[in-house]
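The next block holds one structure in the form of C-alpha cells; read it before the comments.
When a residue number appears, it is its place in the shown sequence, counting from 1. No experiment lies behind these values; they were computed from the predicted model shown.
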Amino acid sequence: AAGDAARGDKPDPTDVPIIHALIGGGKQYDAADRRAYFEGRDQKYTAETRAKDLRKSAATEPGGIDRAREYQEKNAKDIVGAKSFHSADAMRRSIMKQMDRVKADTTISADEKNRRMKVLQDRELEIMRRARAMSGE
C-alpha cells in the first residue's frame, strides 16, 4: 500500500485490512462488531435467564436457594451486563423503525435515502459497540 501511494497509484484496499477500512468503509470490521455484539448479548441473556429460572425454582427444590445464590455470584458480571444489551436493543428497535420509514419514503431521492440509511446504520453500530463496552466485554 505504501509503495502504491509512493508511485501515485491508489492503494489496493484488499492488500491491507486497515487500508480497506479507510478506503472501502471497513465492512468486515462492522460485521465483526455486529457478530461480537450478538454473541455477547446471547451470553448475557442466557446467564440472566438461567439466574431467573434458578430463583423461581429455589423455593421448591432442596438446596435451590444456595444453588441460585451461587450461580448469581458466579455470573454477576454477565447478569448485570444484560441490562446494557436490553437498553441497546430498545434503541436498535427505534433505529430499525426509522430505517423502515426511510425505505418507505417515496418523496426523497435514492441518494438521500442512502445517506440517511448510512447515518442510521452507523448510529446502530455505535450503539452496539457502546453496549458491549458497558457490559464489560
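A distance-only check finds no donor-acceptor pair linking the side chain of Thr49 to the backbone of Thr46 [under 3.5 Å]. With hydrogens and angles ignored, the 3.5 Å screen pairs no side-chain donor or acceptor of Ser87 with any backbone N or O of Ser84. Put simply, the side chain of Lys113 never gets that close to the backbone of Ile108: no donor and acceptor are under 3.5 Å apart.
The two residues Phe85 and Gly40 have their closest heavy-atom pair at CZ-C, 3.9 Å. Considering all non-hydrogen atoms of both residues, Ile79 and Ala51 come closest at CD1-CB, 3.6 Å. Across all non-hydrogen atoms, the minimal contact from Ser135 to Lys44 is O-CE, 3.7 Å. Across all non-hydrogen atoms, the minimal contact from Leu120 to Val102 is CD1-CG2, 4.1 Å. Listed here is the closest heavy atom pair of Met128 and Arg92: CG-CD, 3.7 Å. Annotation for Ala131 and Tyr37: closest pair CB-CE1, 3.9 Å, computed over non-hydrogen atoms.
Using a 4.5 Å cut-off between side-chain heavy atoms of Ile, Leu, Val, Met, Phe, Trp and Tyr, with links allowed through other members, Met134 and Val80 fall into different hydrophobic clusters. One hydrophobic cluster, built from ILVMFWY side chains closer than 4.5 Å, holds both Met96 and Ile127.
Between Gln72 and Arg55, the closest side-chain pair of non-hydrogen atoms falls below 4.5 Å. In this structure the side chain of Asp122 reaches within 4.5 angstrom of the side chain of Lys118, judged on heavy atoms. Within the 4.5 Å cutoff, side-chain heavy atoms of Lys103 are placed close to those of Met117. Contact check for Arg67 versus Glu61: side-chain heavy atoms found under the 4.5 Å cut-off.
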**OP:** Check the pair Gln121 / Ile95 against side chain to side chain contact (heavy atoms under 4.5 Å, CB included), numbers first and verdict last.
**Re:** CA-CA 8 Å; Gln121 289 167 347; Ile95 288 174; over 6 Å; no
**OP:** For Glu70 and Lys74, run salt bridge (charged side-chain N to carboxylate O under 4.0 Å, His left out): C-alpha distance rounded to whole Å, both residues' side-chain angles, the deciding distance at 0.1 Å, then the answer.
**Re:** CA-CA 6 Å; Glu70 182 181 308; Lys74 186 177 177 182; 5.9 Å; no
Subject >> Arg34 and Glu124: CA distance, side-chain angles, deciding distance, side chain to side chain contact (heavy atoms under 4.5 Å, CB included) verdict >> reply: CA-CA 10 Å; Arg34 288 178 189 282; Glu124 178 193 24; 3.2 Å; yes
**OP:** Kindly indicate, with the supporting measurements, whether the criterion side chain to side chain contact (heavy atoms under 4.5 Å, CB included) is fulfilled by Arg129 and Glu126.
**Re:** CA-CA 5 Å; Arg129 287 174 178 151; Glu126 185 56 35; 4.2 Å; yes
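Side-chain contact, Asp111 with Ser109: no donor N or O sits under 3.5 Å from an acceptor N or O. Asp66 and Tyr71 form no side-chain donor-acceptor contact under 3.5 Å, judged by distance and modelled atom types alone.
Note on Arg50 versus Asp53: no salt bridge recorded, every NZ/NE/NH1/NH2 to OD/OE distance being 4.0 Å or above. Residues Glu73 and Arg69 are not paired through a salt bridge, judged by the lack of any N-O separation under 4.0 Å between the basic side chain and the carboxylate. One finds a salt bridge joining Arg115 and Glu112 here, because a Lys/Arg side-chain nitrogen approaches an Asp/Glu carboxylate oxygen to under 4.0 Å. Glu48 has no carboxylate O lying under 4.0 Å from a charged side-chain N of Lys83, or vice versa, which leaves the two without a salt bridge.
Distance CZ/Arg132 to CD/Glu39: 9.0 Å, rounded to 0.5 Å. Between the CG atom of Leu54 and the CD1 atom of Ile65 there is a distance of 12.0 Å, given to the nearest 0.5 Å.
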